[in-house]
Asker: 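Mind having a look at this structure? Questions to follow.
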Amino acid sequence: MRSARPNVEPSDRCPDGGAPQKWETQMSVRNVLIVGGGFTGLTTAIALAQRDVQVTLIDKAPAWARVGHGLTIQGNALRVFREIGVIDEVLAKGQVENSVMLYHADGRVMAELPTPRTGGDDLPATIGALRPDLHEILLRRAEELGVRIRLGLELTSFENHADSATSVLSDGTTETWDVIVIAEGIKSQTRPKLGITEDRQPTGLGIWRAVTSRLPEMTGGMAFPPDDTGAYKVGYTPVSDDQCYIYVLCPPERPDNGLADWQEVRRLMANYHGELDYLRESLGPDTFLNFQEIEWIFVEGPWHSGRVVALGEVVHAVPPLIAQGAAQCLEDAVVFAEHLTQDGDFEHLLTRFHSRRIPRIKGVVDASLLLAKWELHPGTPDADPGRVMAESLVALEAAP
């Protein structure tokens with residue numbers, strides 16, 4: 001791949017406090033297809049469009065729907081949001097948190113842990129926000145930059161050529177691109193077509209998420225179980241002035257016990273008290289609730305086949321125990337765009353990109369799986385979740 005664009009060091013991307021740069025480039029990578037319109041796909045589209053790449057993004061959804069739970073967004077994700085020009089909107093929607101409160105199940109405070117500032121001292125340590133709010137912000141930014149978005153479409157097949165790839169979409173259209181990016185998420189149907197043999201694996205955990213009301217004095221935290229009944233852990237994160245999202249770790253199967261979803265979550269939370277009494281009682285038939293088994297995947301080998309590249313949760317998805325799943329996907333996007341638009345051989349650039357990302361992601365994977373193991377086996381000798389969480393986040397303070 002040839003390019004007139006000089007190599008760009010991270011410090012040249014976006015000066016602290018300044019507006020994100022719009023790259024002036026003339027590149028051999030002119031047009032890219034992105035498959036998947038979640039955080040990974042939209043952020044990749046934005047980062048490439050900032051560098052004058054023509055981007056088309058497809059998603060199987062026939063229309064965008066404003067549904068979804070809350071998220072805890074770490075500082076290194078905020079650093080990406082600043083780089084792609086949406087940090088002000090994100091901070092306006094989110095609730096800042098610079099520490100996490102740990103509680104006993106009866107409501108007594110166990111400890112307050114400061115959260116490492118993985119995005120640097122000039123950004124919050126974390127924020128809580130609603131997933132649909134963040135998605136809408138990314139969607140607007142992509143449209144501002146001219147990203148072409150086509151809904152109700154899937155990638156049926158692809159074919160690699162020497163310096164391009166051809167896509168066949170579900171509407172029968174065939175088009176040729178310089179690069180195709182697969183950002184379909186952990187359940188990707190395209191992953192095995194890239195020669196990737198790894199597939200998603202169970203963690204032994206399930207999770208309920210709910211968006212509900214909170215009182216102004218309720219600033220977030222997590223509580224640990226009193227015994228081996230009910231939930232493994234319960235926590236909540238503010239996402240607006242009067243709302244929060246609750247997460248409830250539990251076994252991976254939804255029991256067939258005749259209870260409605262909101263009643264089942266109340267049952268799991270029955271032995272948790274203090275602020276969680278209010279949150280438990282706030283759940284009712286109209287509460288937005290979501291249950292899923294927590295799965296994981298980590299592809300340590302190549303993420304691409306020819307000119308078709310997988311990013312984000314297609315190749316790495318982790319339990320949400322240190323809140324780094326979304327952050328690592330966002331980092332993928334900007335680092336990939338940086339490498340794709342540099343001078344050099346295409347295969348060499350992708351190898352450099354992969355080599356740069358793997359150690360960082362592996363640290364998150366290892367820490368998250370260890371924490372999941374301890375959730376399943378409370379009382380494990382030498383278990384120290386606080387230390388592992390802190391150390392894994394401190395390791396992410398350097399730029400990706």
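Bear in mind that the values here come from a model prediction, so they are computed numbers and not experimental data. For reference, positions follow the sequence shown, starting with 1.
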Asker: Is K362 salt-bridged to E300, cutoff N-O under 4.0 Å?
Answerer: no
Asker: Ignoring hydrogens and geometry, is there a side-chain-to-backbone donor-acceptor pair from R150 to I58 under 3.5 Å?
Answerer: no
Asker: Would a distance-only check, ignoring hydrogens and angles, find a side-chain to backbone donor-acceptor pair under 3.5 Å from Y272 to A231?
Answerer: yes
Asker: What is the minimum heavy-atom distance between V248 and I246, and which atoms define it?
Answerer: CG2-CG2, 3.9 Å
Asker: Any ion pair linking R66 and E136 (charged N to carboxylate O, less than 4.0 Å)?
Answerer: yes
Asker: I322 and S368: which non-hydrogen atoms are nearest, and at how many Å?
Answerer: CG1-OG, 3.7 Å
Asker: For Q292, does its backbone N or O pair with a side-chain atom of R209 as donor and acceptor, under 3.5 Å?
Answerer: no
Asker: Judged by atom type as modelled, is there a donor-acceptor pair below 3.5 Å linking the side chain of R214 to the main-chain atoms of D242?
Answerer: no
Asker: State, yes or no, whether a side-chain contact exists between F298 and E198 at a heavy-atom distance under 4.5 Å.
Answerer: no
Asker: Do N257 and Q263 have a side chain donor and acceptor closer than 3.5 Å?
Answerer: no
Asker: Same cluster or not: are M101 and L249 linked, directly or through other Ile, Leu, Val, Met, Phe, Trp or Tyr residues, by side-chain heavy atoms under 4.5 angstrom apart?
Answerer: no
Asker: Ignoring hydrogens and angles, tell me if any N or O in the side chain of T203 forms a donor-acceptor pair with the backbone of I294 under 3.5 Å.
Answerer: yes
Asker: Just wondering, are more than 12 heavy atoms of other shown residues or ligands nearer than 6.0 Å to NZ in K373?
Answerer: no
Asker: Would you say the side chains of T190 and E184 form a donor-acceptor pair under 3.5 Å?
Answerer: yes
Asker: Quick one: list whatever passes ring-ring contact (aromatic ring centres under 6.0 Å, His included) with H316, sequence neighbours left out.
Answerer: W303
Asker: State plainly whether the residues E338 and R356 are in salt-bridge range, i.e. N to O under 4.0 Å.
Answerer: yes
Asker: Taking ring-ring contact (aromatic ring centres under 6.0 Å, His included) as the test, write out the residues that go with F291, two or more places apart.
Answerer: W208
Asker: Is the backbone N or O of L169 less than 3.5 Å from a side-chain atom of S167, with the two atoms forming a donor-acceptor pair by type?
Answerer: no
Asker: Using only atom types and a distance under 3.5 Å, with no angle test, would you say the side chain of H135 pairs donor to acceptor with the backbone of G37?
Answerer: yes
Asker: Under the rule for salt bridge (charged side-chain N to carboxylate O under 4.0 Å, His left out), what residues qualify as partners of R117, not counting sequence neighbours?
Answerer: none
Asker: Indicate whether the side chain of S164 and that of T176 have a donor and an acceptor atom separated by less than 3.5 Å.
Answerer: no
Asker: Given the rule in the side-chain contact (heavy atoms from CB on, under 4.5 Å) test, do V90 and L134 qualify, once you have shown the distances and angles that lead to the verdict?
Answerer: CA-CA 7 Å; V90 169; L134 298 181; 3.9 Å; yes
Asker: Please say yes or no: joined through hydrophobic side-chain contacts below 4.5 Å, possibly via intermediate residues, are Y245 and V265 part of one cluster?
Answerer: no
Asker: If you draw the axis of the six-membered ring of F346, does the NZ or CZ of R307 fall within 45° of it and under 6.0 Å from the ring centre?
Answerer: yes
Asker: When the side chains of residues 108-115 are checked against the rest of the protein, which donor-acceptor pairs come out under 3.5 Å, sequence neighbours left out?
Answerer:
from, atom 1, to, atom 2, distance (Å)
R108, NE, D106, OD1, 3.2
R108, NE, D106, OD2, 2.8
R108, NH2, D106, OD2, 3.4
E112, OE2, S99, OG, 2.7

Asker: In the structure I gave you, are the side-chain heavy atoms of L396 and V364 within less than 4.5 Å of one another anywhere?
Answerer: yes
Asker: Is there a side-chain contact between I87 and L123, using heavy atoms and a 4.5 Å cut-off?
Answerer: yes
Asker: Does E97 reach the side chain of T237, with side-chain heavy atoms less than 4.5 Å apart?
Answerer: yes
Asker: Is it true that E281 and R266 have a side-chain N and a carboxylate O under 4.0 angstrom from each other?
Answerer: yes
Asker: Hey, what else clusters with V168 if you join Ile, Leu, Val, Met, Phe, Trp, Tyr whenever side-chain heavy atoms sit under 4.5 Å?
Answerer: none
Asker: Suppose we screen for ring-ring contact (aromatic ring centres under 6.0 Å, His included). Which residues come up paired with F336, at least two apart in sequence or across chains?
Answerer: F353
Asker: Short question: side chain of R141, backbone of I84 - any donor-acceptor pair under 3.5 Å?
Answerer: yes
Asker: Would you say that Q54 contacts R148 through its side chain, given a criterion of any heavy-atom pair below 4.5 Å between the two side chains?
Answerer: no
Asker: Can you check whether T156 reaches S170 side chain to side chain, under 4.5 Å on heavy atoms?
Answerer: yes
Asker: Do any N or O atoms from the side chain of Y236 and from the backbone of G220 form a donor-acceptor pair under 3.5 angstrom?
Answerer: yes
Asker: Counting only N and O atoms by type, is there a donor-acceptor contact under 3.5 Å from the side chain of Q50 to the main-chain atoms of E83?
Answerer: yes
Asker: Using a distance-only test with no angle check, is there a side-chain donor-acceptor pair under 3.5 angstrom linking T380 and D382?
Answerer: no
